[in-house]
Participant: 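Let me begin by handing over the structure; questions about it come next.
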Amino acid sequence: MNEIPHGTVQEQTFYEQVGGEETFRRLVHRFYEGVAGDPLLRPMYPEEDLGPAEERFALFLMQYWGGPRTYSENRGHPRLRMRHAPFAVDRAAHDAWLTHMRAALDGLGLTEQQDRTLWTYLTYAAASMINREG
């Protein structure tokens, strides 16, 4: 067991603060439950089973917020815009994505500050994926 020297402040990552892997897996699972029935977003996931996309997204978010680096170890640099370029992401897709993400986030029971931190990132990320007019 590693001892923390007296007087040392050990800060938690955001990943740890919100509950770690379980929290991010719940968020992403609820998000994909919404995507599965969405006529606009579902076609953007060519795999018959959404499981692989769910796993990739969970690993990405966990790494981004200070968790294990499994995403990069398996897939390399995230390159989010490049990975999404083949799909027509317009304002309607952006809005649908955020609708499902908001519903998933609401189910987590995070503190107001944690929710705001995560939502700010997610809205920024969604806006940066728009690659088509409409």
Participant: Which pair of heavy atoms, one from D38 and one from H100, lies closest together, and at what distance?
Facilitator: OD2-NE2, 2.7 Å

Participant: Holding to side chain to side chain contact (heavy atoms under 4.5 Å, CB included), I want the full list of residues that pass it with T117, two or more places apart in sequence or in another chain.
Facilitator: F14, W65, Q113

Participant: What are the two closest non-hydrogen atoms of R56 and Y71, and how far apart are they?
Facilitator: O-CD1, 3.5 Å

Participant: According to side chain to side chain contact (heavy atoms under 4.5 Å, CB included), who are the partners of R26, at least two apart in sequence or on a separate chain?
Facilitator: E22, T23, R30, L108

Participant: Keeping the roles fixed (side chain from E54, backbone from V28), state whether a donor-acceptor pair exists under 3.5 Å.
Facilitator: no

Participant: For the atom pair CD (Q12) and CD (Q17), what is the distance rounded to the nearest 0.5 Å?
Facilitator: 5.5 Å

Participant: Sequence neighbours excluded, which residues qualify as side-chain hydrogen bond (donor to acceptor under 3.5 Å, both in side chains) partners of T111?
Facilitator: Q114

Participant: Would you please name every residue forming a side chain to side chain contact (heavy atoms under 4.5 Å, CB included) with A93, sequence neighbours left out?
Facilitator: L40, L41, M44, V89, D90

Participant: What pair of heavy atoms forms the shortest contact from L122 to M101, and how long is it?
Facilitator: CD1-CG, 3.5 Å

Participant: Can you list every pair that meets ring-ring contact (aromatic ring centres under 6.0 Å, His included) and has a residue in residues 29-53, with sequence neighbours left out?
Facilitator: F31-F57, F31-W97, Y32-Y45

Participant: Under the side chain to side chain contact (heavy atoms under 4.5 Å, CB included) criterion, do L105 and L118 qualify, and how do the steps go?
Facilitator: CA-CA 9 Å; L105 189 54; L118 194 48; 3.5 Å; yes

Participant: Under the rule for salt bridge (Lys or Arg N to Asp or Glu O under 4.0 Å), what residues qualify as partners of R42, not counting sequence neighbours?
Facilitator: none

Participant: Going by the salt bridge (charged side-chain N to carboxylate O under 4.0 Å, His left out) test, which pairs reach into residues 94-104, not counting sequence neighbours?
Facilitator: R102-D106, R102-D115

Participant: For E21, which residues count as a salt bridge (Lys or Arg N to Asp or Glu O under 4.0 Å) partner, sequence neighbours excluded?
Facilitator: R25

